[in-house]
Undergrad: 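I am attaching a structure below and will ask some questions about it afterwards.
Everything quoted here is computed from the prediction, not taken from an experiment. Excluded from the calculations below are hydrogen atoms, water molecules and symmetry mates; all remaining heavy atoms, backbone and side chain alike, are included.
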Amino acid sequence: MDTTDTTDTTPRLKAAILIVSDTASQDPASDKTANALAPLLAAEGNGGTGFAVRDNTPEAVSPLIHRHAPGLIHGMIAASLKVTPFAMMSRPVAGVRDKSLIITLPGSPKGAMENLDAVVKLLPHACLQAAGASSRSMHAGGVKKLEAEAGISSAPEQREQGIPKAHTTAADRPQSNDPSAGPNQRYRSSPYPMLSVGEALSQISEHTPEPTVIEVPVNLSVVGSIVAEDVYAAEAVPAYRASIVDGYAVTATDSPAGPSTKGVFPVASITHANVGGALEPLQPGTIARITTGAPLPPNANAVVMVEDTVLASSTPDGTEEATVEILTGDIRPGENVREPGSDVALGSKILSRGDVISPVGGEVGLLAATGTRTVKVFKKPRVGVLSTGDELVEHDDPRTLTGGQIRDSNRPSLLSCLQSWGFPTVDLGIARDTPVGEIEHALRDSLRGVGRASSSVDVIVTTGGVSMGELDLLKPTIERSLGGTIHFGRVSMKPGKPTTFATIPFKEAATGATESTQQERKSKLIFSLPGNPASALVTLNLFVLPSLHKLSGLGESSQALATKTWMAPQLGLPRVAVVLTHHFPLDPKRTEYHRAVVTGSRSDGRLYATSTGVGGTGQRSSRVGSMASANALVILRPGRGVGIKGEIMEALMMGPVYGSDTRLIC
Ligand SMILES: Nc1nc2c(c(=O)[nH]1)N[C@H]1C(S)=C(S)[C@@H](COP(=O)(O)OP(=O)(O)OC[C@H]3O[C@@H](n4cnc5c(N)ncnc54)[C@H](O)[C@@H]3O)O[C@H]1N2
Ligand code: MOO
Ligand SMILES: [Mg+2]
């Protein structure tokens with residue numbers, strides 16, 4: 001690789017590819033590698049770098065090198081090792097001769113691409129230095145651009161401003177298939193490491209952003225939100241001295257001389273709960289009829305229940321009470337009276353950061369009673385759900401299915417589950433695998449808030465297209481078309497093995513931006529769940545819920561923060577111990593999330609798990625019926641044989657528990 005201009009910091013590089021091959025030297029048309037490499041720019045020596053007797057390229061090239069570049073070799077081998085252990089048998093050579101950089105690549109097109117991909121973004125920088133450019137002038141210009149492209153910018157100011165940037169280079173990460181290369185070029189084993197469920201959850205925790213605080217009016221849309229800032233009572237409840245009962249307001253004394261309220265008293269006034277304006281003070285020796293919740297007149301300090309009185313006399317027209325006899329002398333000052341602020345004191349804390357505004361109604365009631373107009377809560381994430389696949393038709397399409405068509409059941413079932421958790425959802429429809437680009441466009445539209453999404457979604461959930469087929473396009477679309485980072489692409493679990501979690505960089509107009517061009521760089525979460533219906537729903541419960549919980553502020557209470565761990569019980573599904581009602585077969589390799597119906601026993605207080613189907617097709621991941629009626633996922637660690645009847649296992653609860661008599665328990 002040669003540089004033609006060292007004063008201009010925009011690199012212009014000339015590259016040459018030399019194919020080293022007995023076969024290709026006799027029949028140039030047999031070579032596939034040069035064409036594969038050409039779009040990526042160039043490799044200089046190619047082929048003959050293995051252990052075979054005739055693999056002599058390293059021996060031929062090494063003497064030509066003036067200054068060796070072992071870092072580039074490490075980079076290439078590290079990238080290849082992620083794909084195959086045979087990378088250990090590769091013997092690449094890299095270094096500078098005069099002003100040219102020489103790199104040898106393996107002979108197979110796939111291997112050559114992987115190696116070149118690992119270092120290609122660094123080559124312009126390396127070539128410029130090899131050609132004698134000073135570091136200073138390079139950093140003033142083009143190299144920064146190159147570094148940024150390679151995701152290796154070290155500019156500290158970028159970190160301080162919180163601009164998201166990759167902490168790894170493309171070479172550090174496994175790369176998805178290149179769909180344009182055709183099925184004969186695809187991976188034949190997944191390049192993504194197999195993570196445990198715990199490791200996958202840690203990745204999700206690490207990449208799920210902190211919750212966003214918003215101030216919203218107090219109305220029913222706030223139900224289900226988590227309070228972001230302590231709330232103090234703006235008004236006292238009650239705001240005045242109020243009667244607790246229907247009866248007569250009196251002036252009681254604590255006089256040692258004896259009872260003060262017994263006897264016959266004129267009824268001087270009437271106080272109803274909705275009284276307006278100022279009340280007449282109660283004159284000594286008189287009483288005032290009063291209803292529950294009504295304010296006491298000035299001078300009154302207690303209320304006698306109507307049950308403790310009898311009518312003594314009526315008014316001359318016979319319609320009203322004139323005098324009433326109070327039968328008890330035991331009424332004490334303060335009796336049957338709610339003092340101002342005795343339910344909620346003015347300025348007292350009514351809700352704390354981290355409290356859930358539950359649908360039960362208590363928290364909404366408190367906010368309403370104290371005249372709280374707005375409350376700061378964590379924004380509930382908006383979740384878009386996209387189905388992918390050429391075979392899918394809408395579930396309510398009246399036409400008869402033909403060929404390999406199937407009804408899209410994932411979208412309705414995932415949307416139903418998300419809505420039951422209280423998250424706003426957006427139905428993103430179906431994106432077909434072909435024509436190429438449809439999935440990419442659907443994802444871009446959902447991020448921008450156009451098309452089916454009227455405003456941008458915070459989290460995208462897709463189903464289908466994450467495994468090993470040539471039309472499994474989610475991973476390449478995320479990485480290659482959207483510039484996203486896949487944090488995991490395989491999990492050791494059943495069902496749900498190809499579950500994929502990624503972040504996609506995204507620009508949005510900054511809040512309070514002074515110029516319309518000002519934009520904020522963020523990244524959005526994408527959960528690409530397997531297409532098999534049971535796998536999709538299980539992994540939604542297992543992986544998406546904890547992330548949505550974190551985004552919506554669960555676990556943000558000061559108490560939770562003091563002991564904060566990702567596995568804090570309030571994030572994700574609750575865990576319980578269950579007794580197996582029959583044998584459950586174990587998977588030899590993968591942890592199984594076995595769909596089960598858990599019921600509660602009123603006699604021994606224990607929870608019992610019964611499978612929704614063992615053996616045969618019972619728990620097959622294509623069988624959405626295995627989730628029907630299931631309220632729990634029994635966690636079956638891998639092993640030989642079966643989980644024995646009567647054994648206690650852990651389970652994750654997805655829904656309410658009923659007793660064996662079908663009455664709700666919790
Ligand atoms: N060679 C390998 N093949 C497969 C592997 C593997 O490791 N190597 N993994 C298997 C596992 S495990 C799963 S799970 C599936 C995952 O498949 P994809 O996520 O790629 O999904 P598709 O190929 O698009 O579809 C799979 C299956 O699901 C049906 N489907 C898809 N979308 C929907 C929907 N919205 N509603 C209902 N059903 C849907 C689709 O028609 C297929 O039948 O891969 C295995 N293969
Ligand atoms: O892992 Mo897949 O979800 O079993 O079929
Ligand atoms: Mg597939």
Undergrad: Could you state the interatomic distance from CG (L201) to CG (L571), rounded to the nearest 0.5 Å?
TA: 10.0 Å
Undergrad: For a quick test of reading the model, state the closest non-hydrogen atom pair linking V303 to N336 and the distance between them.
TA: O-ND2, 2.9 Å
Undergrad: Looking at every heavy atom in both T292 and V245, which two are closest together, and how far apart are they?
TA: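 Result for this residue pair: OG1-C, 3.2 Å.
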Undergrad: Can you name the closest pair of heavy atoms from A302 and V337 and give their distance?
TA: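 Shortest heavy-atom contact: CA-CG2, 3.7 Å.
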Undergrad: For the residue pair V385 and T425, establish whether any side-chain heavy-atom pair is separated by less than 4.5 Å.
TA: no
Undergrad: Classify the angle between the aromatic ring planes of H207 and H487 as parallel (below 30°), tilted (30 to 60°) or perpendicular (above 60°).
TA: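 Rings of H207 and H487: parallel, as their planes differ by under 30°.
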Undergrad: Regarding S547 and T208, do their side chains bring together a donor and an acceptor under 3.5 Å, going by distance alone?
TA: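 Yes, T208 and S547 have a side-chain donor paired with an acceptor closer than 3.5 Å.
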Undergrad: Pair I635, V197 - check side chain to side chain contact (heavy atoms under 4.5 Å, CB included), show working.
TA: CA-CA 11 Å; I635 306 173; V197 169; over 6 Å; no
Undergrad: Judged by modelled atom types alone, do T462 and S528 share a side-chain donor-acceptor pair under 3.5 Å?
TA: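 Their side chains do contain a donor-acceptor pair, which is all the 3.5 Å distance test asks for.
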Undergrad: Looking at OG of S352 and CG of D230, how far apart are the two atoms once the value is rounded to the nearest 0.5 Å?
TA: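 These two atoms lie 5.0 Å from each other.
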Undergrad: Roughly how far, to the nearest 0.5 Å, is the CZ atom of F501 from the CD1 atom of I486?
TA: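 If we round to the nearest 0.5 Å, I486:CD1 and F501:CZ are 11.0 Å apart.
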Undergrad: Just wondering, do L542 and L652 contact through their side chains at under 4.5 Å, heavy atoms?
TA: yes
Undergrad: Spell out, as yes or no, whether a donor-acceptor pair under 3.5 Å connects the side chain of S202 to the backbone of G198.
TA: yes
Undergrad: Quick one: CG on D355 to CD1 on I226, what's the gap to the nearest 0.5 Å?
TA: 8.5 Å
Undergrad: How close do G572 and H549 get, heavy atom to heavy atom, and via which atoms?
TA: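 Nearest heavy atoms, G572 then H549: N-ND1, 2.8 Å.
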Undergrad: Passes side chain to side chain contact (heavy atoms under 4.5 Å, CB included), I460 versus K524? Steps please.
TA: CA-CA 8 Å; I460 303 173; K524 299 260 171 156; 5.6 Å; no
Undergrad: Let's go through R595 and L633 carefully: what are the C-alpha distance in whole Å and the side-chain angles of both, what is the deciding distance for side chain to side chain contact (heavy atoms under 4.5 Å, CB included) to 0.1 Å, and is it a yes or a no?
TA: CA-CA 5 Å; R595 285 77 83 198; L633 300 171; 3.9 Å; yes
Undergrad: Carefully, step by step, assess L573 and M653 under the rule side chain to side chain contact (heavy atoms under 4.5 Å, CB included).
TA: CA-CA 6 Å; L573 299 175; M653 294 308 305; 5.8 Å; no
Undergrad: With rounding to the nearest 0.5 Å, note down the distance linking OG1 in T463 to CG in L386.
TA: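 Here the rounded value is 7.5 Å.
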Undergrad: Is there a side-chain contact between T539 and F527, using heavy atoms and a 4.5 Å cut-off?
TA: no
Undergrad: Would you say that D472 contacts V466 through its side chain, given a criterion of any heavy-atom pair below 4.5 Å between the two side chains?
TA: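 No, every pair of side-chain atoms sits at 4.5 Å or beyond.
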Undergrad: Quick one: salt bridge (Lys or Arg N to Asp or Glu O under 4.0 Å) partners of E335, sequence neighbours excluded?
TA: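 With neighbours one apart ignored, the set is empty.
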Undergrad: Quick check: do P495 and N532 have side-chain heavy atoms less than 4.5 Å from each other?
TA: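 The answer is no; the side chains never approach within 4.5 Å.
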Undergrad: Report the residues that fulfil salt bridge (Lys or Arg N to Asp or Glu O under 4.0 Å) with R411, sequence neighbours left out, ordered by chain and then residue number.
TA: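 Once residues adjacent in sequence are excluded, the partners of R411 under the salt bridge (Lys or Arg N to Asp or Glu O under 4.0 Å) criterion are E394, D408, D427.
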Undergrad: Just wondering, more than 12 heavy atoms not from L220 lying within 6.0 Å of its CG?
TA: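 12 or below, so no.
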Undergrad: Where is the tightest heavy-atom contact between P530 and T499, given as atom of each residue plus distance?
TA: CD-OG1, 3.6 Å
Undergrad: Is the number of heavy atoms from other residues, nucleotides or ligands under 6.0 Å of E280 CD greater than 12?
TA: no
Undergrad: For a 4.5 angstrom cut-off between non-hydrogen side-chain atoms, does M627 reach M654?
TA: yes
Undergrad: Which atoms form the tightest heavy-atom contact between L537 and C417, and what is the distance?
TA: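 Scanning both residues, the minimum pair turns out to be CD1-CB, 4.2 Å.
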Undergrad: What's the separation between atom CD1 in I430 and atom CG in L392, rounded to the nearest 0.5 Å?
TA: 5.0 Å
Undergrad: For the pair E440 and R444, find out whether any cationic side-chain nitrogen is under 4.0 Å from an anionic carboxylate oxygen.
TA: yes
Undergrad: Do V216 and V375 make a side-chain contact, defined as non-hydrogen atoms from C-beta onward lying under 4.5 Å apart?
TA: yes
Undergrad: Is there a side-chain contact between P476 and S481, using heavy atoms and a 4.5 Å cut-off?
TA: no
